[in-house]
Amino acid sequence: MTDIATRATRVVESPAGRRRRINGGGPRAGTVVAFLTPFFLPFVLFYLVPVGYALWQSVRVVRRTGGQYGTSYTTFGGFEQYLEVFQNDEFWASIGRIGLFGIVQVPVMLFIALIMALLLDTPLLRLKAFFRITAFMPYAVPGVIAAIMWSYLYSPQLSPVVDLLKGVGLEPDFLGPGAVLWSAANVSTWLWTGYNMLIMYSALQSIPQELYEAAKIDGANNWTIAWRIKVPIIAPSLVLTTVFSIIGTLQLYAEPAVLRQISSNISSTFTPNMLAYAVASGNNYQQAAAISVVIAVITFVLSFGFMRLTSKKAGL
């Protein structure tokens, strides 16, 4: 009787239940750990640990016993380092410069990238592969190398561009106090336009061709199709590139740091990241950590706030 019941159970047992019984009730823990370790180990070592260490450093202060020349020791200081950051005029000046930079440079760069992506997507354009690779090539150049290249073009003593403009009666000063910020913005735009264009172009390639055919039947021209169909559909990619650009703007360092070597109009505290590096170079690691944490919080608030705002407008 028992044998009959056992055989009946085997007959009615589902394939999923049979697999669970054979595998011991699910995936082995060792297998899961083996697959996840290559990701989590670098993530913990090179992301979580540095972030945690920066947070720990930012709440510590250096004290001295016996006056200015006494023995120094590090102790818990609460939010003292953060108060110094918010009272630092150089920090707010750098935030103002980077804010102006982002308000102008990011829309200009993304608009150029969008126009290039729309042109690549039009059936009227020839040699698409050539133009796509050409536009993307600057992204393959490291930021420091790109800044060095452009510093040569900006230099009044070396630049053929400056000589050419002087030949037609112009006196450009790309490294002057009123222009050096936009010279750095030009380098960033040259570097990142092709990258953003490729993201937008990839989104355009996923749009069904039937939509264009239906629009043409309704009498829409290429201009109408581009701005009434293509742009609204790839809106998520526009949001994504904008978020990336906001994050990149607040991380700006290489371009002004390189241009600083040939221009006295860029200080060591020109951007927030340069300020953090300058403070750390003075062995004030706790203050530099606090500046870095504040920059990270501002970056999160701006990028997350932009995503929330655009999601609400889109009705998502």
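Counting from 1, the numbers follow the sequence of the chain as shown. Both backbone and side-chain heavy atoms feed into the values below; hydrogens, waters and symmetry mates do not.
Two different hydrophobic clusters hold W190 and I133 under the rule that ILVMFWY side chains link at heavy-atom gaps under 4.5 Å.
The shortest distance between side-chain heavy atoms of V61 and Q286 does not fall below 4.5 Å. Using a 4.5 Å heavy-atom cutoff, the side chains of V85 and Q287 are in contact. Under the 4.5 Å side-chain criterion, counting only non-hydrogen atoms from C-beta, L114 is in contact with I234. Residues Y152 and P160 form a side-chain contact, since some pair of their non-hydrogen atoms from C-beta on lies under 4.5 Å apart. Considering only heavy atoms from C-beta on, Y82 stays 4.5 Å or farther from V297 through its side chain. Annotation: side chain of M109 is not in contact with side chain of T241 (no heavy-atom distance under 4.5 Å). Within the 4.5 Å cutoff, the side chain of W192 has no heavy atoms near those of the F244 side chain.
Formation of a donor-acceptor pair under 3.5 Å by the N265 side chain with backbone atoms of L175 is found in this model.
Around the CE atom of M149, the shell of radius 6.0 Å holds more than 12 heavy atoms that belong to other residues, nucleotides or ligands. Around the OH atom of Y47, the shell of radius 6.0 Å holds no more than 12 heavy atoms that belong to other residues, nucleotides or ligands.
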* Could you please spell out the steps behind the side-chain contact (heavy atoms from CB on, under 4.5 Å) verdict for W150 and L259? => CA-CA 9 Å; W150 279 97; L259 293 179; 5.6 Å; no
* Show the numbers, then the answer: is there a side-chain hydrogen bond (donor to acceptor under 3.5 Å, both in side chains) between T271 and Y253? => CA-CA 7 Å; T271 68; Y253 179 85; over 6 Å; no
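Applying the ring pair (Phe, Tyr, Trp, His ring centres under 6.0 Å) test to pairs two or more places apart or on separate chains, those with a residue in residues 282-312 are F300-F304. Among pairs with a residue in residues 100-124, none fulfils ring pair (Phe, Tyr, Trp, His ring centres under 6.0 Å), at least two apart in sequence or across chains.
Between Y53 and W56, the ring-plane angle classifies as tilted under the 30° and 60° cut-offs.
A distance of 11.5 Å separates CD1 of I298 from OG of S303, quoted to the nearest 0.5 Å.
For W92, there are no ring-ring contact (aromatic ring centres under 6.0 Å, His included) partners two or more places apart in sequence or in a different chain. Residues that satisfy the salt bridge (charged side-chain N to carboxylate O under 4.0 Å, His left out) test with R63, not counting sequence neighbours, are E80. Residues forming a ring-ring contact (aromatic ring centres under 6.0 Å, His included) with F270 (at least two apart in sequence, or on another chain): none.
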Can you give me every donor-acceptor pair (side chain of residues 178-185, partner residue at least two apart or in another chain, under 3.5 Å) with its distance?
unit_1	atom_1	unit_2	atom_2	d
S183	OG	F174	O	2.5
S183	OG	A179	O	3.2

